[in-house]
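In this chain, numbering begins with 1 at the start of the sequence shown. Remember, it's a predicted structure, so these values are computed and weren't measured experimentally. Values below: every heavy atom of this structure, side chains too, minus hydrogens, waters and symmetry copies.
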Amino acid sequence: MESDIQYKFKQLKVGVLIPTYNNSTSLGGVIDNVLRFTDQIIIVNDGSKDTTADVLKNYPTVDIIQYKQNTGKGWALRQGFDRARKLGYDHVITLDSDGQHDPADLPKFLLELEQNNGELIMGARNMEQAGVPSQSSFGNKFSNFWFWFETGKSLPDTQTGYRCYPLSAVADIRFYSRKFEFEIEVIVRSVWNGIAISSVPVNVYYPPREKRVSHFRPFTDFMRISVLNTILVTLALVYYRPRDFIRSFKKKKFRQHLLQLLSQPGESDGIKATSIGFGIFMGIVPIWGFQLIVAIATAIVLRLNKALVVIAANISIPPAIPFILYLSHVTGGVWMGENAESLRFDSKITLVGLRDSIVQYTLGAVTLALVAGCSIGLISYVLLKVFRKSR
């Protein structure tokens with residue numbers, strides 16, 4: 001007789017996807033435990049060299065993908081996604097074949113899925129429990145930080161392989177990685193593409209060190225992940241974080257949004273004023289083309305109000321650029337003394353036109369940026385204090 005949980009798997013069109021590579025000793029047990037909840041299982045044998053193929057012969061009702069050459073976990077997952085869509089599933093829950101993930105947690109994903117259909121659901125492990133390897137705990141914290149940096153979202157566990165993927169939404173994303181780093185790329189790019197993401201607590205089992213099987217290559221795979229994070233951080237700073245910031249203003253009127261930023265009770269007036277002053281500094285400092293990137297990155301590191309920094313940095317909007325260039329050139333003349341070059345102000349002042357007096361302009365721009373940033377930051381602090389008292 002079909003159980004309620006088995007019916008839920010069919011009703012919600014959810015499959016279970018298990019990628020495996022040389023885990024023949026634990027694979028059978030994992031499949032047996034999953035079969036207690038559903039028979040909608042896809043196994044991807046990623047070129048295993050052990051007896052995995054023989055183990056799979058014992059499960060004729062399970063959908064199996066096999067190929068001879070080991071390609072990587074990311075590729076195995078992508079092959080599983082394709083097969084799941086062809087089988088008519090809307091979602092797949094992925095878990096590892098080494099026995100770390102407890103199939104008894106499968107109903108938690110279904111419950112979360114019923115409440116938030118369309119989300120990417122992450123299984124959050126308790127990384128503080130006894131038996132968790134120190135390198136795994138550190139790696140998870142490292143990965144969590146970069147995920148937050150790249151997306152602005154926080155997750156308790158970004159390295160878990162226990163996940164529920166919305167297949168139709170993920171199908172619209174073109175992925176590039178094929179190995180362990182895929183599990184980072186998929187969640188970052190899912191957020192960038194507007195897919196909501198949530199977490200459910202799950203159990204995790206780490207066997208004793210002498211029985212532990214891991215295919216993670218510390219140097220090679222860490223380098224791959226580092227390269228991927230470098231690319232993702234660059235894309236986030238150049239396009240995605242500014243895009244999300246600009247989109248936030250489309251949802252509210254600019255004035256309302258600015259007042260909300262200035263009146264946030266959990267943030268001190270000093271932080272707000274510093275953010276405004278720093279934004280003014282970045283809008284003037286002579287690193288044209290990179291001002292916004294550096295401003296956002298520094299604001300994140302210094303924990304400033306990123307929105308206020310970006311708003312203030314827009315002092316360098318096109319109509320104001322000739323004024324900024326001219327004032328920078330004049331200010332630089334103070335440093336140059338008798339060697340200062342004169343410049344007539346008009347609307348055609350450009351960086352190209354300042355090429356012959358680049359030293360004078362650079363000195364002046366840095367000086368003007370410091371003076372303007374400090375002055376406007378101080379004025380903002382006073383006004384915020386007055387505004388607070390008036391309220």
Kindly work out whether a path of hydrophobic side-chain contacts (I/L/V/M/F/W/Y, heavy atoms less than 4.5 Å apart) joins [X] to [Y].
| X | Y | value |
| --- | --- | --- |
| Y176 | I173 | no |
| L87 | L167 | yes |
| I379 | I315 | no |
| L378 | L302 | no |
| L120 | L111 | no |

Could you go through L17 and F81, starting from their C-alpha distance and side-chain angles, then the distance that decides it, and tell me whether this counts as side chain to side chain contact (heavy atoms under 4.5 Å, CB included)?
CA-CA 8 Å; L17 171 59; F81 293 167; 3.9 Å; yes
Grab the two heavy atoms, one from [X] and one from [Y], that are nearest each other, plus how far apart they are.
| X | Y | result |
| --- | --- | --- |
| A236 | W192 | CB-CZ2, 3.8 Å |
| A372 | I284 | CB-CD1, 3.8 Å |
| R78 | S177 | NH1-O, 2.9 Å |
| T160 | R125 | N-NH2, 3.6 Å |
| G161 | D96 | CA-OD1, 4.3 Å |
| P103 | V30 | CG-O, 4.3 Å |

To the closest 0.5 Å, what do you measure between [atom1] ([X]) and [atom2] ([Y])?
| X | Y | atom1 | atom2 | answer |
| --- | --- | --- | --- | --- |
| S199 | E119 | OG | CD | 9.5 Å |
| T71 | Y21 | OG1 | OH | 10.0 Å |
| I31 | D39 | CD1 | CG | 12.5 Å |
| L370 | I280 | CG | CD1 | 13.0 Å |
| S3 | K8 | OG | NZ | 12.0 Å |
| E114 | F109 | CD | CZ | 14.5 Å |

Worked check of side chain to side chain contact (heavy atoms under 4.5 Å, CB included) between M282 and I287
CA-CA 8 Å; M282 290 305 307; I287 53 172; 3.7 Å; yes
Determine whether a donor-acceptor pair (N or O, by modelled atom type, separation under 3.5 Å) exists between the side chain of [X] and the backbone of [Y].
| X | Y | result |
| --- | --- | --- |
| N203 | D105 | no |
| D269 | Y381 | no |
| Q360 | G332 | no |
| Q159 | N140 | yes |
| K49 | K68 | yes |

4.5 Å side-chain heavy-atom contact, [X] and [Y]:
| X | Y | value |
| --- | --- | --- |
| I225 | W146 | no |
| I184 | F147 | no |
| R189 | F175 | yes |
| L95 | I18 | yes |
| L308 | I271 | no |
| V309 | I296 | no |
| V16 | F9 | yes |
| V202 | V200 | yes |

ring-ring contact (aromatic ring centres under 6.0 Å, His included) partners for H91, two or more places apart
none
Test applied, side chain to side chain donor-acceptor pair (under 3.5 Å); reference residue, S48; option that passes from N45, T51, D46:
N45
Going through the checks in order, is the side chain to side chain contact (heavy atoms under 4.5 Å, CB included) test met by I197 and M122?
CA-CA 7 Å; I197 190 165; M122 307 283 288; 3.9 Å; yes
Give a yes or no on whether [X] atom [atom1] has more than 12 heavy-atom contacts from other residues, nucleotides or ligands under 6.0 Å away.
| X | atom1 | result |
| --- | --- | --- |
| K153 | NZ | no |
| Q69 | CD | no |
| K108 | NZ | yes |

Donor-acceptor pair between [X] and [Y] side chains, under 3.5 angstrom:
| X | Y | value |
| --- | --- | --- |
| D102 | Y162 | no |
| T158 | N144 | yes |
| S97 | N23 | yes |

Criterion side chain to side chain contact (heavy atoms under 4.5 Å, CB included) on C164 and E112, from CA distance to verdict:
CA-CA 10 Å; C164 179; E112 181 71 15; over 6 Å; no
Checking P107 now: which residues fulfil side chain to side chain contact (heavy atoms under 4.5 Å, CB included) with it, not counting sequence neighbours?
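In terms of side chain to side chain contact (heavy atoms under 4.5 Å, CB included), with neighbours along the sequence ignored, P107 is linked to I5, F37.
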